[in-house]
Amino acid sequence: MNSIAGNIPPIAYNPATASAVSTAKARTRLIAIDALRGLVMLFMLVDHVRETFFLHLQVTDPVDANTTDPGLFFTRLLSTFCAPTFVALTGLSAWLYGQSHSKGQVSEFLLKRGLFLLFLEITVVGYAWPTQAPAFPPSAIWLQVIWAIGISMVALAALLHLPRRAQFAVGLAIVCLHNLLDPIKLTADQPAYVAWAILHQRSLIEMGGLTIKTTYPVLPWIGVILLGYACGPWFARGSDPAPRIRRLVMLGLGLIIGFVVIRTLNIYGDKPWFVAETPLRTVMSFLALTKYPPSLLFLMPTIGTGCLLLALFERFEQSAVMPRLALLGSAPMFYYILHLYTLKLIYNIALLLYGPTKGKVFGVDNLSTVWIWVALLIVPLYFPTRWFAQLKQRRKDIWWLKYL
């Protein structure tokens, strides 16, 4: 399973053959992990299509429950499951990789892979966004999710050498307590500003004529990847799936119930919610959570839901849809780059044909158009991703394929 999240011994996914289904049944835990990643990749497609064609209706962080259209709010809410799931599975996959490699080898791979992702973020991925002009050098760089995963992998390369109890302690401390740091706001003239902007304060860093925006401050994500790694023994080779499924269900329900309790108290973990003019907007306020950086209350329900889905996928691994989702999840970086450049091509063709329809950008009037485009793109994106996943299975001699 070579992917953004790791380099685990692969599964030969080919939904068209009975042998692939047989392999899937024999390797349930890996099918479930890749299938969950594949599902959130579809959620990611929804969000990026929204950002492409609804760029004129950007949402704040957290989303303003008083003014945002409910349809847009819940469409965006779907995407909140993506980053936490990816980062947690990155840590889990690193532990699984370590079943057949020494900790030194895992550290080395995480370091190299993390640095490679940082390079991709500021090059290939940086130019993939629909409205990004092909300027060399660029005038602005957005450090987003690939950056956050890369930094988290570099951090995990060091932290995995801690005892497992210390891994849990450090991971929980970061995830649960980092909101205590929210009041700390540094300005560009202070010595620690750049480091703090990268770690916890979403800010702009000016370097000569280059503007760097730290869209994804990385400190909470380091906590998430470390906790994912610490949970790895649950998925040890040959382990009984029943206790693992029970643990995942208990953890998932516990996180979601804990979120409801803490959020209801309105005392910690995110900006307060409020009673709005309508019950729907009150619910929207309750669910409007901070993603940049991810608050404690943002991470609890998203990771909790991921745990429940992982347990569900493992329980129903014989379903025909599981190998298809797992195939998407086995080549996420390829899919990520492919879908971004596909959207960039479609956007620029539309802009050429119709011109800027919403101010300076091309946009559509109805949110339903976004969902139609998502439905139209799933199949065209699926087949190239399947081809690449199968290529990785056949060509183990091409060393660089594992980095994609």
Glu277 CD: over 12 foreign heavy atoms closer than 6.0 Å: no
Verdict with supporting geometry, Leu204 and Ile212, side chain to side chain contact (heavy atoms under 4.5 Å, CB included): CA-CA 6 Å; Leu204 295 177; Ile212 301 175; over 6 Å; no
Member of Trp221, Phe298, Tyr216, Trp142 meeting the ring-ring contact (aromatic ring centres under 6.0 Å, His included) criterion with Tyr292: Tyr216
With a 3.5 Å cut-off and sequence neighbours excluded, list the donor-acceptor pairs that the side chains of residues 145-153 form with protein atoms.
residue	atom	partner	partner atom	Å
Ser152	OG	Ala148	O	2.7

Heavy-atom pair with the smallest gap, counting every atom of Leu367 and Phe54: N-CZ, 3.5 Å
Arg165, CZ: over 12 other non-hydrogen atoms inside 6.0 angstrom: no
Donor-acceptor under 3.5 Å (Asp34 side chain, Leu325 main chain): no
Check: Gln167 side chain, Tyr229 main-chain N or O, donor-acceptor pair, under 3.5 Å: no
side-chain contact (heavy atoms from CB on, under 4.5 Å) against Pro233, all qualifying residues, sequence neighbours excluded: Trp95, Arg164
Note, Val59 side chain near Arg50 side chain (heavy atom, < 4.5 Å): yes
Over 12 non-hydrogen atoms of neighbours within 6.0 angstrom of NZ in Lys271: no
CZ on Arg263 to CZ on Phe286, rounded to 0.5 Å: 6.5 Å
Heavy-atom side-chain proximity of Phe259 to Pro301 below 4.5 angstrom: yes
Test item: Phe362 and Leu55 side chains (from C-beta on) under 4.5 Å apart, heavy atoms: no
From CG (Leu296) to OH (Tyr268), nearest 0.5 Å: 6.0 Å
Aromatic ring pairing Tyr336/His339, orientation class (parallel under 30°, perpendicular over 60°, tilted between): perpendicular
By side-chain contact (heavy atoms from CB on, under 4.5 Å) - contacts of Val283 (at least two apart): Leu287
Any donor-acceptor pair under 3.5 Å from His200 side chain to His178 backbone: yes
Verdict with supporting geometry, Leu299 and Val224, side chain to side chain contact (heavy atoms under 4.5 Å, CB included): CA-CA 9 Å; Leu299 292 172; Val224 172; 3.8 Å; yes
Donor-acceptor under 3.5 Å (Thr357 side chain, Gly363 main chain): yes
N/O donor-acceptor pair under 3.5 Å between Arg202 side chain and Thr214 backbone: no
Under 3.5 Å donor-acceptor, Arg281 side chain and Thr68 backbone: yes
Evaluation steps, side chain to side chain contact (heavy atoms under 4.5 Å, CB included), between Glu121 and Leu117: CA-CA 6 Å; Glu121 180 68 275; Leu117 293 184; over 6 Å; no
Leu160 versus Ser107, closest heavy-atom pair with distance: CD1-OG, 3.6 Å
Heavy-atom closest contact (Val46 atom, Val370 atom, distance): O-CG1, 4.2 Å
Salt bridge Glu108-Lys112, side-chain N to carboxylate O under 4.0 Å: yes
Within-4.5 Å side-chain heavy-atom neighbours: Leu351 and Pro356: yes
Trp373 atom CH2: more than 12 heavy-atom contacts under 6.0 Å: no
Beyond-backbone contact of Leu120 with Met333, side-chain heavy atoms, under 4.5 angstrom: yes
Aromatic plane relationship, Tyr97 with Phe109 - under 30° parallel, 30 to 60° tilted, over 60° perpendicular: tilted
Thr290 side-chain N/O to Ser295 backbone N/O, donor-acceptor pair under 3.5 Å: no
Thr211-Glu206 side chain donor-acceptor pair, cut-off 3.5 Å: yes
Verdict with reasoning, Met284 to Asp64, per side chain to side chain contact (heavy atoms under 4.5 Å, CB included): CA-CA 9 Å; Met284 289 168 58; Asp64 189 338; over 6 Å; no
Gap between atom CE of Met250 and atom CZ of Arg247 - 0.5 Å precision: 9.5 Å
Nearest-0.5 Å distance, CG of residue Leu92 to CD1 of residue Ile225: 10.5 Å
Under 3.5 Å side-chain donor-acceptor pair for Asn366 and Ser368: no
Heavy-atom closest pair, residues Leu328 and Met41: O-CE, 3.1 Å
Sub-4.5 Å side-chain heavy-atom contact between Leu312 and Leu308: no
Phe235 six-ring face occupied by Arg244 cation (under 6.0 Å, within 45°): yes
Closest approach of Arg37 to Leu89 (non-hydrogen atoms, all atoms of both residues): NH2-CB, 3.7 Å
N/O donor-acceptor pair under 3.5 Å between Thr80 side chain and Leu77 backbone: yes
Validation row: Val154, Leu110 side chains within 4.5 angstrom (heavy atoms): no
Side-chain donor-acceptor pair present, Tyr127, Lys344, cut-off under 3.5 Å: no
Between CD1 on residue Ile33 and OG1 on residue Thr85, distance to nearest 0.5 Å: 12.5 Å
Within-4.5 Å side-chain heavy-atom neighbours: Leu39 and Leu309: yes
Short side-chain to backbone donor-acceptor contact, Trp371 and Thr75, under 3.5 Å: no
Atom pair CG/CZ of Leu57 and Arg76 - distance to nearest 0.5 Å: 14.5 Å
Main-chain N/O of Thr187 paired with Gln190 side-chain donor or acceptor, under 3.5 Å: yes
Residue pair Leu338 / Pro384: nearest heavy atoms and the distance that separates them: CD2-CB, 3.7 Å
